[in-house]
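Letters A, B, ... are given to chains in the order of the sequence lines, protein chains preceding strands, and every chain is numbered from 1.
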Amino acid sequence: VSGAARTSAATRSAALAALLAFGAAALARAQESPPSPAPNGPPASAPPAAAAPRAPVSTSREQQALADAIDAELVAAWSEQKLAAAAPADDATWLRRLSLDLRGTIPSAEEAAAFLADGAPDKRARRVDAFLADRRFSENLAVLWTDLLLSNAGKNAGRMEQWLETWLQEQFEQGATTADVARHVIADSEWTLKPGPLSYLLSYHDTIEVVSGVTARAFLGLQIQCAQCHDHPYDRWKRDDFNRFTSFFADVRADHLKGGDPLFRVFDRDPEWDLEDRLTHLLQASRRARKNGGGGAMDDGNAPMKPQGRPTAKRGPKGEGAKSQPDGAKPAGDVDETEPGGKGDAKNDANDESTDVMRGTSMSETVEADFDESALLEVLKLCKNAPKGTSPFASVESDAAALTALFERLPSSARELCEKYREHRTLFHEAGYLDGQPYAAKEGTTKRAALAAWLVDAKNPWFGRAIANRFWGRLFGKGLVDPVDDLTGSQDRILAPLLDRVAAEFVAHGTDPRFLVGALVRTKAYALGNARGADVAECERAERWCAAHPVRNLTAYEMANSLVAAVAPDEGRGSPADRAAAADHERRKLVESIASYFGGKDGASDGNPPSIPQSLFLMNGSHAERAERFGRGKALDRFQDETKPLEDRLRDLFLATLGRPPTAAEVERVAKLMKPGASAAVEDVLWALLNSTEFRSNH
Amino acid sequence: VKRCCDSNDGPTLPRGARTWSRRDLLELALRGAGAAALTPSLLGLLTRHALAQQAKATSKKLVLLWLDGGPSQLDTFDPKPGAATAGPVGAIPTDVKGWMLSQHFPLLAKRAEHLAMVRSMTSKEGSHARARELLHSGYTPNPAVAFPTLGSIVAHEVGDLDADLPAFVQIAGLPGSSGHLGVASRPFVVASATKKIDNLGPKGGGERPRVESRSNMLDVLEKSFSAEGGDRASEANAVQRRRARRLMESKLLVAFDLEKEDEGTRKRYGEAAFGQGVLLARRLLENGVAAVEVVLDGWDTHVNNFKRTADLCRDLDPAFSALIDDLRERSLLADTLVVCMGEFGRTPTIGANDGRDHWPNNYCVALAGGGVKGGTVVGETDERGDSIVKDPVQVADLFATIARVLRMDRDKVFLKDSRRPVKLVDPNGVVVEQLLS
């Protein structure tokens with residue numbers, strides 16, 4: 001309001017200018033911000049990764065070479081666009097930006113001070129090297145990919161998110177490439193206690209239409225899911241494309257065995273066999289249930305799987321574990337409890353959502369106790385008589401009325417299974433790649449393994465560009481193609497040859513994320529300052545062409561990390577490792593508790609605009625208490641030492657939060673506002689610092 | 001692309017100028033008049049805009065009672081007494097001749113003349129996440145589009161986005177998304193009706209002098225950051241900080257204090273968290289909030305359906321009934337639409353362990369107030385209660401109807417400048433005329 005009041009006294013043109021500037025403030029929010037993190041729990045140990053640790057795929061010199069090439073292209077573009085580049089960012093701003101982008105947290109006061117004091121000409125390059133090697137770089141990447149892959153998985157994804165993130169972090173620490181990650185999450189099959197890469201398919205296994213859309217978006221930057229319902233109005237994708245792509249997931253099945261330790265498995269088997277098996281199981285279990293007193297508790301089918309029934313990795317009880325086709329073997333008529341279907345077991349924990357990943361995915365699997373078996377037996381007969389690879393309903397399909405009548409006699413869960421089978425058979429029978437190549441089945445491999453191989457093939461037209469563009473967007477505010485995941489449909493695209501070049505180098509370096517990120521942050525463009533001036537459109541144009549660096553709000557993950565870094569420095573008791581673990585635990589808890597204020601998952605899709613709860617949290621939240629504790633600690637001691645000039649005393653607080661020392665003008669103004677009493681004063685200053693837009697944003 | 005393109009409901013202002021609050025605009029207009037610094041036309045523009053904002057806040061309101069998990073239609077609003085699919089649940093007559101409710105709703109049965117029922121809702125979404133999104137947005141989920149949730153739609157279209165209290169409050173449950181409608185109509189989430197709001201700070205905004213000196217110190221920092229090019233971000237934060245301060249200091253905060261209700265009233269709504277949430281919803285409506293969603297979780301009854309549904313109905317029946325009574329008594333019912341629904345129905349066939357599974361094929365939505373015709377039943381299912389024999393209603397139809405009764409412009413286009421313009425509600429929806437009074 002005060003701004004408005006001042007405006008009212010100004011001249012007419014000034015008033016108009018102010019009006020424009022004020023309006024533009026809202027627009028600043030539309031800047032893309034990177035996906036926000038998944039909630040984290042205490043670290044779980046994931047199974048050892050298949051990929052062995054490897055040497056870095058690229059050197060900083062190689063990264064710098066690409067950076068120089070990017071800068072040359074950008075400089076040419078600016079001159080063509082008649083854009084003046086913003087002034088370079090100072091060291092403090094650059095370090096804070098780099099730390100947030102690469103490690104998801106602000107630099108510590110000590111790091112900032114050391115960097116500012118360092119006079120070496122290569123200090124920035126060395127910082128890039130150090131941050132790329134930081135454990136937190138891997139964690140940050142893991143958070144990004146977890147969010148990308150699971151943000152459509154709904155509220156049952158919680159535990160899966162932890163597993164996937166932990167696994168991803170280990171992978172990135174060991175030098176995994178983006179292609180490795182894609183291959184594992186799409187193609188892995190095994191029995192495991194901690195699903196790791198399987199978490200992806202486990203989270204979506206009953207909605208293959210969703211997982212195909214997410215896969216195309218995350219790994220290819222393609223929006224094919226609109227074509228699920230209609231031919232895309234302004235893109236090349238047709239329903240056929242969507243259906244053929246989705247068909248790669250048609251054989252995916254997921255299991256979850258409860259018991260002492262739950263076991264998970266993702267595997268493949270053809271839908272005909274799957275249908276017959278499930279129907280058989282339904283029949284058997286209901287007979288048992290009736291024998292045991294009809295309608296009552298069904299002991300066998302609901303009991304946790306017997307331990308000896310647990311198959312070992314690679315070899316399922318019926319040999320279907322890692323194979324795509326069941327060797328023509330049909331399931332036996334009797335379904336014993338070692339069958340890892342877990343049919344019905346998901347039901348037992350319907351109350352206990354947090355521990356049941358399969359909840360919401362098992363609409364057809366309850367065993368009914370009491371129904372007329374004849375229709376079910378008829379359908380099972382159709383299944384048995386159908387030649388391999390053909391629909392069991394093919395022989396009766398021509399008589400629609402008879403088929404409807406047959407289905408109506410089925411118990412509802414069986415009907416649901418049959419109807420879903422028929423729908424999928426129609427839609428998702430023929431797999432085909434998005435570049436038009438047909439899929440050719442190969443013995444000993446699965447459809448999704450073939451898909452993964454095609455995805456990460458060096459010749460894939462989209463994989464490299466999608467990842468390169470996504471990271472460009474993350475580091476420069478907008479992708480060269482915007483939105484970042486709409487490579488073929490977007491109208492907002494600049495410098496297409498540059499994206500091709502970056503993508504090609506990324507692929508040539510084995511899709512190593514460190515190469516890509518390292519090259520982008522070593523550019524001069526990345527080191528530019530923010531756009532200044534009243535002409536908002538011009539500022540936005542400069543940002544679009546990377547001639548000025550955008551200001552974006554921190555995500556929940558970055559905010560929690562930064563708060564802990566700023567106001568709870570490592571000064572507790574215990575060994576350094578204990579203290580680090582405690583700080584880790586604290587920030588992970590904080591991420592979860594503030595996710596809803598700071599956009600949570602929305603952060604991925606609609607940026608992370610400021611909100612009332614965010615402001616309330618920063619004004620009155622729990623971190624304020626922590627800030628006071630901090631104030632009473634070592635900072636206060638130093639702050640209370642009135643023999644020192646105020647500038648030095650404020651320096652700690654500014655470095656710890658903003659990564660820079662205060663200016664002389666700030667010292668003077670803040671001094672005037674300080675209340676007597678060092679404790680109150682330090683708290684007030686910290687409050688102001690943590691509420692400042694400078695702290696709340698990456699700029 | 002992801003910006004909210006607002007509608008044509010006022011004079012044209014520069015893009016982004018919508019973040020001026022009514023208060024800002026009036027203040028600016030008045031001060032401007034005093035200082036004679038603004039031209040008459042600009043002054044007129046600002047005033048008209050401010051008034052248009054004010055006029056937009058109609059008296060229409062919405063309460064969504066969200067039954068998370070998917071309630072069994074047979075055990076609630078579409079009972080089939082005596083059918084094999086009914087299980088042990090009986091039905092009771094209501095005060096509207098010819099229709100019955102499940103035996104779990106003795107209180108609602110006496111208020112059936114105010115209820116409208118759709119027994120023929122149908123969709124294809126059988127997974128919780130997708131069905132939850134469908135029933136909240138009216139659109140088939142599409143990961144590429146952030147469709148706003150119902151409460152945000154109502155807050156944005158008929159609410160006052162510039163009041164002390166947030167226009168959309170959600171009590172319990174996972175926060176919905178306001179999608180392309182932007183930050184002001186996001187749900188303000190209260191984890192539980194009886195829990196204090198997070199981070200409101202000391203009562204009355206704390207020691208005032210301290211807040212002032214801190215804020216002045218903050219201004220120092222904002223000024224230096226703005227000078228370096230952070231002005232746009234700084235202004236956006238300032239807007240929300242001011243709204244947060246207004247909430248902290250608002251007298252209307254008392255709306256969140258259930259202690260202000262007498263014990264009898266609190267009991268009438270049911271002592272469970274859900275009942276108290278519905279009571280809170282009523283208090284919020286009375287204080288100008290446009291949309292409240294109250295979530296009752298636990299309807300995913302794959303096992304032990306009958307007992308669990310009965311327990312949940314013991315929470316739902318008194319809360320829904322007391323809400324109808326109180327809204328009537330306060331003459332708010334005519335303007336307040338109450339919608340009671342979940343993701344889908346449940347399988348008519350009873351599974352092992354008395355379970356029922358997901359059943360999007362046919363399910364119920366109950367409505368009250370807000371200009372829907374009480375005592376109406378739309379649609380009919382067969383004697384087993386597992387297929388629709390009359391008047392199927394799609395979710396898009398329901399949303400078209402909600403838009404109609406709340407007098408929202410269903411054809412309003414958002415994201416106009418993008419390649420994915422989105423209408424307020426799915427254009428495929430057809431208003432269910434039978435529901436209109």
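Open room surrounds CZ on A:Arg669; 12 or fewer heavy atoms of other groups in view lie less than 6.0 Å from it.
Side-chain atoms of A:Glu666 never come within 3.5 Å of backbone atoms of B:Leu221 as a donor-acceptor pair (strictly under, hydrogens ignored).
A salt bridge is defined here as a Lys NZ or Arg NE, NH1 or NH2 lying under 4.0 Å from an Asp or Glu carboxylate O, and A:Glu543 with B:Arg232 meets this definition.
In this structure, chain A has a heavy atom under 4.5 Å from the backbone of B:Ala227, while its side chain stays farther away. Contact annotation for B:Thr85: neither backbone nor side-chain heavy atoms come within less than 4.5 Å of a heavy atom of chain A. If you measure heavy-atom distances from B:Glu228 to chain A, the contacts under 4.5 Å come from both the backbone and the side chain. Residue contact with chain B, scored on non-hydrogen atoms closer than 4.5 Å, involves the backbone and the side chain of A:Ser692 alike.
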Query raised in the report: Would B:Val220 and A:Lys672 satisfy side chain to side chain contact (heavy atoms under 4.5 Å, CB included), going step by step from the backbone distance to the final call?
Result: CA-CA 11 Å; B:Val220 172; A:Lys672 269 192 215 146; over 6 Å; no
Query raised in the report: Taking it one step at a time, do B:Arg214 and A:Met619 satisfy side chain to side chain contact (heavy atoms under 4.5 Å, CB included)?
Result: CA-CA 10 Å; B:Arg214 287 180 164 190; A:Met619 287 194 286; over 6 Å; no
Report task. Check step by step if side chain to side chain contact (heavy atoms under 4.5 Å, CB included) holds for A:Ser413 and B:Trp359. Result -> CA-CA 9 Å; A:Ser413 45; B:Trp359 190 251; over 6 Å; no
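Between B:Ser213 and A:Asp684 there is a side-chain heavy-atom pair separated by less than 4.5 Å.
Put simply, CD on A:Glu416 and NE2 on B:His358 are 10.5 Å apart, with the number rounded to the nearest 0.5 Å.
Scanning all heavy atoms of the two residues, the minimum distance from A:Thr207 to B:Ser127 falls at CG2-OG, 4.0 Å.
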